[in-house]
Protein chains: 2
Amino acid sequence: MSIQARRERERAERERAIIAAARELAESEGWEAVTTRRLAAEIEYSQPVLYSHFKGKDAIMAAVAVEGCADLAVDLAAARAAATDPRRAVAGIATAYAAFAERRPALYDAIFTLPVDLSFGTKETPVELARAFAELAQTLRPFAGDDDLETFTETFWSGLHGLVTLMRNGRLRRDEHERRLAILVDRFTRLG
Amino acid sequence: MSIQARRERERAERERAIIAAARELAESEGWEAVTTRRLAAEIEYSQPVLYSHFKGKDAIMAAVAVEGCADLAVDLAAARAAATDPRRAVAGIATAYAAFAERRPALYDAIFTLPVDLSFGTKETPVELARAFAELAQTLRPFAGDDDLETFTETFWSGLHGLVTLMRNGRLRRDEHERRLAILVDRFTRLG
DNA sequence: CCAGAACTCTAGCACCGCTAGCCAATCTGC
DNA sequence: GCAGATTGGCTAGCGGTGCTAGAGTTCTGG
């Protein structure tokens, strides 16, 4: 019985190790450096063990993405908590969002842009992402006006996401980044 | 002399054929189906011929992207021309933008999300994309207020881009799409 | 103690982007 | 008109990818 327990514990540890290795490799060298062979070498097991834990490489990336959601939620919550008034709260959370994307591009990509098998439109959203979204929604609540809060939040979020992704791909002038953020915040915090 | 001319003409035709094949394949089966082997088979030449026209697969994708920019510019111009008043013009161009992204996802990806070697932040922007951007800017001009028009346009554009990409990746509720577009337009067309 | 189950590994498949080097057709100068 | 240089396309292959079949080893329960 106890042996069984140890086995399961070791298995769980190994799964954590896989996710951690994937995340570290992606953050330090980008996702294109994350191959199943390198991952296997990193955890000091052979390739096929990866497939006894995850359905495929996509599933590993999805696991990393879910972890990343938790980090994002923490950052956003901190930004919201630090704000002194509603409008500054929106500015702060927007800055925090952009900073997260810039500081952890690989993680951000895993969550939002890579075609990973995470369909969190409406059904099985990972709870970590729901928390991040809720932080945004709470911050925006005073400015939603007549619009549905969730829809309003989705729209603002899309604005942030667009700014972040277009800039990273070199489609926007980098030096205007803060000005664009300010415009977005300004337009979404007008009352009436 | 004339032989030389024929040669160059045939070469140019072949280059067009490569781009067309890449585009069609991407639009019908997605970019993951566009491999150099399939492309070569499509144009009925061997693989290495592709590399005598383009530096690599990325360059082929970039060429498709540039073509796509022209299409996008046409759609946006038509939407702007069809509008009766400034506010409706913004709504119309936003709808046209979203429709383009939905109707031609592969093309849209090539232009905006795939890591293709098109650095059109500020320097060598393809003229086709500049046209599309200018359409947006002209439409938004009445609503920029004190903000720099280019920066303002970039921000609005990012909003559209975020809506489009997040929805396609299943990160947004599909049935709220039009409502989100309306919110974005509303927030960017308030005067004062 | 041993048969069977559970687990991990080696080896390999089919595919990818890309390129070296050969070979035939063409052009050039005599 | 013809030898030699040049061009242009081809075959074949390199080193990589995600993934898996099947062999071998270790552990477990009777």
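Sequence lines set the chain letters: A, B, ... in the order given, protein chains first and strands last, and positions in each chain run from 1. Since we're looking at a predicted model, the values are computed, not measured.
Checked against a 6.0 Å centroid threshold, the rings of B:Phe188 and B:Phe152 count as neighbours. Ring pair B:Tyr108/B:Phe112: centre-to-centre distance below 6.0 Å.
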*Classify every nucleotide of nucleotides 9-14 of chain D by which part a protein heavy atom approaches to under 4.0 Å, writing B for the base, S for the sugar-phosphate alone and - for neither, in 5'-to-3' order.*
SBB---

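We find that CD1 of A:Ile60 is positioned 9 Å from P of D:dG18, with the value rounded to whole Å. Distance, A:Leu50 CG to C:dC9 C1': 13 Å, rounded to whole Å. When rounded to the nearest whole Å, the span between CD of A:Glu32 and C1' of C:dG17 equals 15 Å. Summarising the geometry, the separation between CG on B:Asp58 and P on C:dG17 is reported as 10 Å, rounded to the nearest angstrom. Counting to the nearest Å, the P atom of D:dG18 and the CZ atom of A:Arg38 are 12 Å from each other. The NZ-P distance, from A:Lys57 to D:dT20, rounds to 15 Å in whole Å. Taking atom OH of residue A:Tyr51 and atom P of nucleotide C:dC9, one finds them 15 Å apart after rounding to whole Å. As rounded to whole Å, 16 Å separates atom C1' of C:dC18 from atom CE of B:Met61.
With a 6.0 Å cutoff to the six-membered ring centre and a 45° limit on the axis angle, A:Arg14 counts as a cation-pi contact of A:Tyr45.
One finds no salt bridge joining B:Asp147 and A:Arg179 here, because no Lys/Arg side-chain nitrogen approaches an Asp/Glu carboxylate oxygen to under 4.0 Å.
Using modelled atom types, one side-chain atom of B:Arg187 and one backbone atom of A:Arg190 make a donor-acceptor pair closer than 3.5 Å. Between the side chain of A:Arg171 and the backbone N or O of A:Asn169 there is at least one donor-acceptor pair closer than 3.5 Å.
For B:Thr36, no side-chain nitrogen or oxygen approaches OP1 or OP2 of C:dC18 to under 4.0 Å.
Comparing atom distances between the B:Thr35 side chain and each of C:dC16, D:dG18, C:dC18 picks out C:dC16 as nearest.
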